[in-house]
Asks: 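Have a look at the structure that comes next, please.
Numbering of ligands and ligand atoms starts at 1, following listing order. Please read all numbers here as calculations on a predicted model, not as lab measurements.
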Amino acid sequence: MTKPGRGHWRSRIGFIWAAAGSAVGLGNIWRFPYMAGENGGSIFVLVYLGCVLLLGLPVMIAEVMLGKATQSNPVGAFRALAGRHSPWQLVGFMGVLAAFVILSFYSVVAGWCLDFLYKTVTGVFRPGHTMEEVTRIFEQLLASPRPQIAFHGVFMLLTVGIVVAGVQKGLERWNKILMPALIVILLVLVGYGLTQPGGAPAMQFMLRADPSKLTAKTVLAAMGQCFFSLSLGMGAMLTYGSYMRREDRIPTAAAWVVAMDTGIALLAGFAVFPIVFTFGQSPQGGPGLVFKALPAAFLQMPGGTAVALAFFVLLLFAALTSSISLLEVITAYFVDEYQMPRRTAATMFGLVCFLMGVGCAYSGGYLDFLDQLQSNYLLPFGALLISLFAGWRLDKTVAREEFAGTRYARLHGAWRVCVRFVCPILVLLIFLNATGLLAKLFGP
Ligand code: PHE
């Protein structure tokens with residue numbers, strides 16, 4: 001039975017679209033390419049894929065399971081499973097907190113997309129604009145809080161609007177519309193990119209791994225990117241899992257979501273890097289990569305305005321289907337725990353995130369700091385605890401039943417080993433490695 005009065009997805013595919021919508025976001029299209037660019041290209045991609053398989057998939061299954069088993073928000077889920085006075089509830093609190101942190105800077109970056117869309121439509125970006133001109137326009141935007149705040153506000157309004165409409169009429173409906181549209185636009189851009197002269201060097205950059213470039217920083221960045229991109233470690237997947245119907249099975253759905261997210265990140269790389277290389281730009285463009293190199297490249301090519309429009313619409317859709325899942329974590333918490341009406345919760349805390357984001361518009365450094373904090377520390381730490389909980393505290397039969405009768409039944413044992421040992425140990429090692437402690441203990 002599903003809990004009365006709480007929303008639930010209309011169908012199995014409803015959960016998959018929504019969860020994939022949450023996972024596929026700025027993380028895939030804005031963050032993945034520049035992280036790969038900054039961290040050695042192919043070697044980053046390789047470590048990233050390893051993280052997805054060993055950490056992402058098992059933690060995804062664990063997190064959705066905690067939600068589905070309790071049909072509750074992150075705090076309520078840990079309370080239901082561990083007891084009213086258990087410190088495990090803190091993991092849920094940490095997730096709600098992380099949602100505030102992520103949503104506040106995420107919406108500012110999404111606001112940049114809106115600003116670029118606006119500039120493309122109103123002709124501020126004109127065919128023939130060079131890299132210098134686009135860079136100047138982007139840097140001007142970063143230096144002026146007003147337009148950033150305005151577009152961040154518009155984006156937050158869209159997010160609040162969808163969350164207020166509820167699980168089926170808001171989240172499920174919009175994900176089912178925006179996600180397929182996003183995939184079509186992306187495929188067109190990849191097709192375009194690979195036929196450009198930069199297609200071949202881009203493939204090399206993404207696929208030919210050079211192990212000598214492997215550093216502790218690359219590994220930490222790849223792990224952070226994996227959890228961020230899959231929306232793991234802070235209760236978003238737990239909350240979406242809580243709207244699953246009893247009869248739907250988790251492993252199959254989780255595998256779909258992970259596959260879509262990873263596929264789309266790689267495709268984004270294949271769309272972005274060919275263009276970067278064709279127009280002679282450096283892949284190490286940092287957070288500005290897709291906001292400088294791409295528009296400049298688009299404006300150099302025939303019909304580029306249309307391609308630029310397509311790209312920024314794509315980015316906007318991706319961001320929106322993720323931001324609603326962030327606000328949903330916060331909303332579900334206040335609706336479940338304090339019986340607050342959905343409308344009040346979504347509006348009030350949307351406003352709080354808006355105000356937090358305003359700080360980012362005044363200081364790019366603050367945005368970077370929040371981004372690093374969540375992806376390299378908050379999310380992996382959350383994922384570590386979720387995995388320990390699912391491996392050691394959760395009733396064994398819950399997981400066994402989820403695996404039974406699916407294609408993945410035989411993988412139940414492997415999953416258990418992952419959440420009990422592999423994930424926690426790996427996350428800890430990567431943490432230690434990044435602090436340099438491992439090298440001190442075992443180094444020459
Ligand atoms: N996964 C989203 C992205 O890739 C970001 C996100 C993180 C959304 C955590 C929800 C929770 O952009």
Asks: Run the side chain to side chain donor-acceptor pair (under 3.5 Å) test against Arg173 and tell me which residues pass, sequence neighbours left out.
Replies: none
Asks: So, taking the atom named CE in Met94 and the one named CD in Gln89, what distance separates them when rounded to the nearest 0.5 Å?
Replies: 14.0 Å
Asks: Indicate whether the side chain of Ser322 and that of Ser22 have a donor and an acceptor atom separated by less than 3.5 Å.
Replies: no
Asks: Using a distance-only test with no angle check, is there a side-chain donor-acceptor pair under 3.5 angstrom linking Trp112 and Gln148?
Replies: yes
Asks: I'd like to check the side-chain contact (heavy atoms from CB on, under 4.5 Å) partners of Glu139; sequence neighbours left out, ordered by chain and number.
Replies: Thr135, Lys292
Asks: For Ser375, give me all partners under side chain to side chain donor-acceptor pair (under 3.5 Å), at least two apart in sequence or on another chain.
Replies: Arg31
Asks: Below 3.5 Å only, please: the N or O atoms of ligand 1 paired with protein N or O atoms, distance on each line.
Replies:
residue  : atom   : partner : partner atom : Å
ligand 1 : 1 (N)  : Ser22   : O            : 3.2
ligand 1 : 1 (N)  : Ala23   : O            : 3.0
ligand 1 : 1 (N)  : Phe228  : O            : 2.8
ligand 1 : 1 (N)  : Ser229  : O            : 3.1
ligand 1 : 1 (N)  : Ser231  : OG           : 2.9
ligand 1 : 4 (O)  : Ala23   : O            : 2.8
ligand 1 : 4 (O)  : Gly27   : N            : 3.3
ligand 1 : 4 (O)  : Asn28   : OD1          : 3.4
ligand 1 : 12 (O) : Leu26   : N            : 3.1
ligand 1 : 12 (O) : Gly27   : N            : 2.7
ligand 1 : 12 (O) : Tyr106  : OH           : 2.5

